[in-house]
S.K.: 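Right, I'll just put the structure down here and ask away after.
When a residue number appears, it is its place in the shown sequence, counting from 1.
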Amino acid sequence: QVQLVESGGGLVQPGGSLRLSCAASGLSLDYYAITWFRQAPGKEREGVSCISNSDGSTYYADSVQGRFTISRDNAKNTVYLQMDSMKPEDTTVYYCATLPALVFGSNWRYEINYNYWGQGIQVTVSS
């Protein structure tokens, strides 16, 4: 059974940092790019950042470029999202999802390409 489990969310003050983790079981992330999405209530789900399975190529949404950093440790079957200089508008539920490696590219935001999703984790930025 494939599972993606997010962790590391919580409450942080504006300007603070959090690191999210996405741990996979039941499949090897060696064959998948991974994307972090987020969805605020009443809004469409937004692709935040994507990392390739092999060479570390990345994509970022304009809204997080320069503040968030995606990375992966294939030995641990885990992907991370380091979130710095956080803003109240970063408050929402974050999800990780798997993208088959052959599909990785500029269409990384298209949700139809994703096959496994985590359950989501709440991140709240507030003073």
Side-chain angles (χ1 to χ4, degrees):
Q1 181 181 359
V2 175
Q3 279 193 311
L4 300 178
V5 179
E6 299 98 339
S7 62
L11 174 65
V12 64
Q13 292 187 341
S17 299
L18 282 177
R19 188 176 82 155
L20 302 182
S21 298
C22 172
S25 60
L27 84 169
S28 171
L29 293 185
D30 288 353
Y31 306 106
Y32 294 92
I34 299 293
T35 295
W36 287 95
F37 290 87
R38 65 186 182 185
Q39 186 171 24
K43 294 188 176 181
E44 291 188 356
R45 192 150 50 190
E46 172 191 23
V48 176
S49 183
C50 180
I51 187 167
S52 71
N53 68 311
S54 56
D55 65 0
S57 298
T58 57
Y59 291 98
Y60 292 93
D62 290 344
S63 57
V64 306
Q65 182 75 48
R67 300 189 298 118
F68 290 10
T69 303
I70 192 170
S71 62
R72 64 191 297 155
D73 186 337
N74 282 2
K76 294 183 178 180
N77 228 26
T78 300
V79 174
Y80 306 97
L81 185 68
Q82 177 68 39
M83 304 185 292
D84 298 319
S85 302
M86 296 189 73
K87 304 175 180 179
E89 51 263 43
D90 295 323
T91 295
T92 188
V93 178
Y94 287 72
Y95 304 85
C96 61
T98 58
L99 177 68
L102 292 178
V103 187
F104 175 79
S106 58
N107 59 351
W108 64 279
R109 292 184 176 86
Y110 298 160
E111 295 182 32
I112 193 172
N113 293 323
Y114 289 81
N115 44 9
Y116 298 108
W117 292 79
Q119 80 287 351
I121 191 163
Q122 178 69 43
V123 169
T124 302
V125 184
S126 176
S127 55

S.K.: Please list, chain by chain and in numerical order, all residues satisfying side chain to side chain donor-acceptor pair (under 3.5 Å) with Gln13, sequence neighbours excluded.
M.R.: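 Partners of Gln13 by the side chain to side chain donor-acceptor pair (under 3.5 Å) criterion come out as none, since no residue qualifies.
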
S.K.: Closest heavy-atom contact between Glu111 and Arg45?
M.R.: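 Closest approach of Glu111 to Arg45: OE1-NH2, 2.8 Å.
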
S.K.: Roughly how far apart are Gln82 CD and Leu20 CG, rounded to 0.5 Å?
M.R.: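 Reported to 0.5 Å precision, the distance equals 9.0 Å.
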
S.K.: How long is the span from the CD1 atom in Ile121 to the CZ atom in Arg38, to the nearest 0.5 Å?
M.R.: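 With rounding to 0.5 Å, CD1 (Ile121) is 15.0 Å from CZ (Arg38).
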
S.K.: Taking only residues at least two apart or on different chains, which pairs with a member in residues 118-127 satisfy side-chain hydrogen bond (donor to acceptor under 3.5 Å, both in side chains)?
M.R.: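 Listed once each, the pairs are Glu6-Gln119, Gln122-Thr124.
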
S.K.: I'd like to know if Tyr31 and Leu4 are part of one continuous hydrophobic network [Ile/Leu/Val/Met/Phe/Trp/Tyr, side-chain heavy atoms within less than 4.5 Å].
M.R.: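 Linked, Leu4 and Tyr31 end up in one cluster.
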
S.K.: What residues, two or more places apart in sequence or in another chain, satisfy side chain to side chain donor-acceptor pair (under 3.5 Å) together with Thr58?
M.R.: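 Counting only residues at least two positions away or on another chain, Thr58 forms no side chain to side chain donor-acceptor pair (under 3.5 Å).
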
S.K.: For Gly8 versus Leu18, what's the shortest heavy-atom pair and its separation?
M.R.: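 Taking every non-hydrogen atom into account, O-CD2, 3.8 Å.
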
S.K.: Can you name the closest pair of heavy atoms from Ala33 and Ser52 and give their distance?
M.R.: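 Closest approach of Ala33 to Ser52: CB-CA, 4.0 Å.
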
S.K.: Would you say the side chain of Met83 lies within less than 4.5 Å of the side chain of Val48, judging by non-hydrogen atoms?
M.R.: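 Result no, sub-4.5 Å side-chain heavy-atom pair not found.
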
S.K.: Write out all pairs satisfying salt bridge (charged side-chain N to carboxylate O under 4.0 Å, His left out) with one or both partners inside residues 59-79, taking only residues at least two apart or from two chains.
M.R.: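 Checked against salt bridge (charged side-chain N to carboxylate O under 4.0 Å, His left out) - neighbours excluded - the pairs reaching residues 59-79 are Arg67-Asp90.
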
S.K.: Taking atom types as modelled, is there a side-chain donor on Thr92 or Glu46 under 3.5 Å from an acceptor on the other?
M.R.: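 Per modelled atom types, Thr92 and Glu46 side chains form no pair under 3.5 Å.
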
S.K.: Give a yes or no on whether Glu44 atom CD has more than 12 heavy-atom contacts from other residues, nucleotides or ligands under 6.0 Å away.
M.R.: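 No - once you tally the heavy atoms of other residues, nucleotides and ligands closer than 6.0 Å, there are 12 at most.
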
S.K.: Enter the distance from Ile51:CD1 to Cys96:SG here, rounded to the nearest 0.5 Å.
M.R.: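 Those atoms lie 13.0 Å apart.
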
S.K.: Say you draw a straight line from CG of Asn74 to OH of Tyr32; how long is it, rounded to the nearest 0.5 Å?
M.R.: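 These two atoms lie 13.0 Å from each other.
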
S.K.: Between the side chain of Asn77 and the main-chain N/O of Ala24, is any donor-acceptor distance below 3.5 Å?
M.R.: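 Confirmed, Asn77 side chain pairs with Ala24 backbone.
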
S.K.: Who clusters with Phe37? Use side-chain heavy atoms, under 4.5 angstrom, across I, L, V, M, F, W and Y, and order the result by chain and number.
M.R.: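 Direct or chained contacts put Phe37 with Tyr59, Val93, Tyr95, Leu99, Val103, Phe104, Trp108, Tyr114, Trp117.
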
S.K.: What pairs with Arg109 under salt bridge (Lys or Arg N to Asp or Glu O under 4.0 Å), at least two apart in sequence or on another chain?
M.R.: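 By the salt bridge (Lys or Arg N to Asp or Glu O under 4.0 Å) rule, Arg109 matches no residue at all.
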
S.K.: Looking at Thr78 and Ser21, what are the two nearest heavy atoms and their distance?
M.R.: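 So the two residues come closest at CG2-CB, 4.2 Å.
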
S.K.: Search all heavy atoms of Ser17 against all heavy atoms of Asp84 and return the closest pair with its distance.
M.R.: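 Here Ser17 and Asp84 meet closest at OG-OD1, 2.7 Å.
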
S.K.: Could you grab the distance from atom CG of Leu29 to atom CG of Asn53, nearest 0.5 Å is fine?
M.R.: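 Here the interatomic distance stands at 9.5 Å.
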
S.K.: Going by the side-chain hydrogen bond (donor to acceptor under 3.5 Å, both in side chains) test, name the single residue among Asn113, Asn115, Thr35 that passes it with Thr98.
M.R.: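 In the set Asn113, Asn115, Thr35, the residue that makes a side-chain hydrogen bond (donor to acceptor under 3.5 Å, both in side chains) with Thr98 is Asn115.
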
S.K.: Can you find a pair of side-chain heavy atoms, one from Trp36 and one from Phe68, that are under 4.5 Å apart?
M.R.: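 No, every pair of side-chain atoms sits at 4.5 Å or beyond.
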
S.K.: Measuring only between side-chain heavy atoms, which start at C-beta, is Met86 closer than 4.5 Å to Val123?
M.R.: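 When only atoms from C-beta onward are counted, Val123 and Met86 do touch, with a gap below 4.5 Å.
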
